[in-house]
Amino acid sequence: TESNLTLEPDDTEGIELEFDTSEIEPGTVLVEFASEDDTETRSLTVNEPSEFNVTIANTSNDLNEQPEAGEDEVFVNGTVANEGGFEGNVTLELDIDGDFASNETFTIDENGNETFNLTADPIEEPGDVNATVTAINDRDESVDDSETRTITVLESANYLVTDLTADSEVVQGEELE
């Protein structure tokens, strides 16, 4: 990139240069600054951008919680790791059978990780559903990673009590025999 600047003798002026590093491989590169009568070379380190990885550790089923249809929220928890060379923001999105359920946004240091706990409203029908957690990199809105687990939703329990007998009269506060 070229930029023209005219200075009088003994004048100095600071300049700011910007250039796109998206086509430069991570590592150290040499950058040359030149004028008609002088050159200066400096090294520049290009780091890996933030990139996120999702690992589901548990779902509702893994912790002996069997969600009942129409009754219990379902949950997914685990970790999201930033495997890149810069701090970055990631939005984790939980979808149940392809439908949005919830999300949460994290700022994660380079090579750091965070624990997530995402929940979804009760599932109305019993059966197996796919719970997918997707990591969306806020840098460019790209999907960096996703993981899917199956959650089994049980039919709601219905109880029918029959053949109860009791005295025909009961006084408030007394035990029923």
Side-chain angles (χ1 to χ4, degrees), residues 1-5 12-35 38-67 72-125 127-153:
T1 304
E2 285 188 25
S3 179
N4 293 320
L5 178 64
T12 62
E13 187 172 327
I15 61 170
E16 184 176 306
L17 301 174
E18 292 183 20
F19 60 97
D20 182 10
T21 59
S22 63
E23 301 297 321
I24 299 174
E25 291 295 319
T28 302
V29 295
L30 296 177
V31 179
E32 183 177 276
F33 302 93
S35 68
D38 195 14
T39 62
E40 181 77 29
T41 303
R42 299 288 172 116
S43 63
L44 173 70
T45 302
V46 178
N47 290 324
E48 292 277 348
S50 56
E51 185 171 333
F52 299 98
N53 230 350
V54 172
T55 304
I56 295 175
N58 297 298
T59 68
S60 300
N61 293 151
D62 296 323
L63 299 177
N64 290 327
E65 293 188 27
Q66 303 300 320
D72 303 312
E73 289 183 332
V74 295
F75 71 85
V76 176
N77 62 41
T79 57
V80 56
N82 180 355
E83 297 180 349
F86 281 102
E87 174 186 272
N89 296 323
V90 61
T91 298
L92 297 183
E93 186 173 288
L94 172 62
D95 293 331
I96 302 294
D97 283 342
D99 294 324
F100 174 82
S102 65
N103 65 3
E104 187 171 358
T105 299
F106 297 90
T107 299
I108 304 177
D109 291 335
E110 62 184 270
N111 299 312
N113 62 64
E114 291 285 338
T115 300
F116 65 84
N117 295 293
L118 299 170
T119 59
D121 289 336
I123 308 301
E124 294 304 317
E125 298 295 323
D128 290 341
V129 295
N130 290 317
T132 302
V133 177
T134 303
I136 302 168
N137 193 324
D138 290 356
R139 172 179 39 88
D140 57 4
E141 301 298 318
S142 65
V143 172
D144 281 358
D145 192 28
S146 66
E147 188 169 348
T148 300
R149 296 278 289 275
T150 300
I151 298 175
T152 300
V153 178

Atom OG1 in Thr132, atom CG in Asp95: separation rounded to 0.5 Å? 6.5 Å

Go through Val133 and Glu147 one step at a time and tell me if the side-chain contact (heavy atoms from CB on, under 4.5 Å) criterion holds. CA-CA 6 Å; Val133 177; Glu147 188 169 348; 5.6 Å; no

Minimal non-hydrogen separation, Asn89 against Phe52, with atom names: O-CE1, 3.7 Å

Can you see whether Glu83 engages Asn111 through a side-chain donor-acceptor pair at a distance of less than 3.5 angstrom? no

So which atom in Glu110 and which in Phe86 form the shortest heavy-atom distance, rounded to 0.1 Å? CB-N, 3.7 Å

Regarding Ser142 and Asp140, do their side chains bring together a donor and an acceptor under 3.5 Å, going by distance alone? yes

Note: Ala34 and Thr39 closest approach over all heavy atoms is CB-CG2, 3.7 Å

If we ignore hydrogens and angles and just use 3.5 Å, is the side chain of Asn137 paired with the main-chain N or O of Ser50 as donor and acceptor? yes

Is the backbone N or O of Ile108 less than 3.5 Å from a side-chain atom of Asn82, with the two atoms forming a donor-acceptor pair by type? yes

Minimum-distance pair of heavy atoms, taken over all atoms of Ile151 and Phe75: CD1-O, 4.0 Å

Donor-acceptor pair, distance only, cut-off 3.5 Å: does the side chain of Arg149 make one with the backbone of Ile56? yes

Quick one: does Asp145's side chain have a donor or acceptor within less than 3.5 Å of a partner on Ala135's backbone? no

Using side-chain heavy atoms (C-beta onward) and a distance below 4.5 Å, is Thr107 in contact with Glu87? yes

Do Asp72 and Pro122 have side chains that get closer than 4.5 Å, going by heavy atoms? no

How many angstroms lie between atom CG of Leu118 and atom CD of Glu93, to the nearest 0.5 angstrom? 10.0 Å

Does some side-chain heavy atom of Leu94 sit less than 4.5 Å from a side-chain heavy atom of Val76? yes

If you take all heavy atoms of Asn61 and Pro67, which pair is closest and at what distance? ND2-CD, 3.6 Å

Which heavy atom of Glu141 sits nearest to which heavy atom of Asp138, and what is that distance? OE2-O, 3.6 Å

Taking CD in Glu32 as the centre, count heavy atoms belonging to other residues, nucleotides or ligands within less than 6.0 Å. Is the count above 12? yes

Could you tell me the separation between the CG atom of Asp128 and the CD1 atom of Ile123, rounded to the nearest 0.5 Å? 11.5 Å

With rounding to the nearest 0.5 angstrom, report the CG to CD1 distance, Leu92 to Ile136. 8.5 Å

Could you tell me the separation between the OG1 atom of Thr150 and the CG atom of Asp97, rounded to the nearest 0.5 Å? 9.0 Å

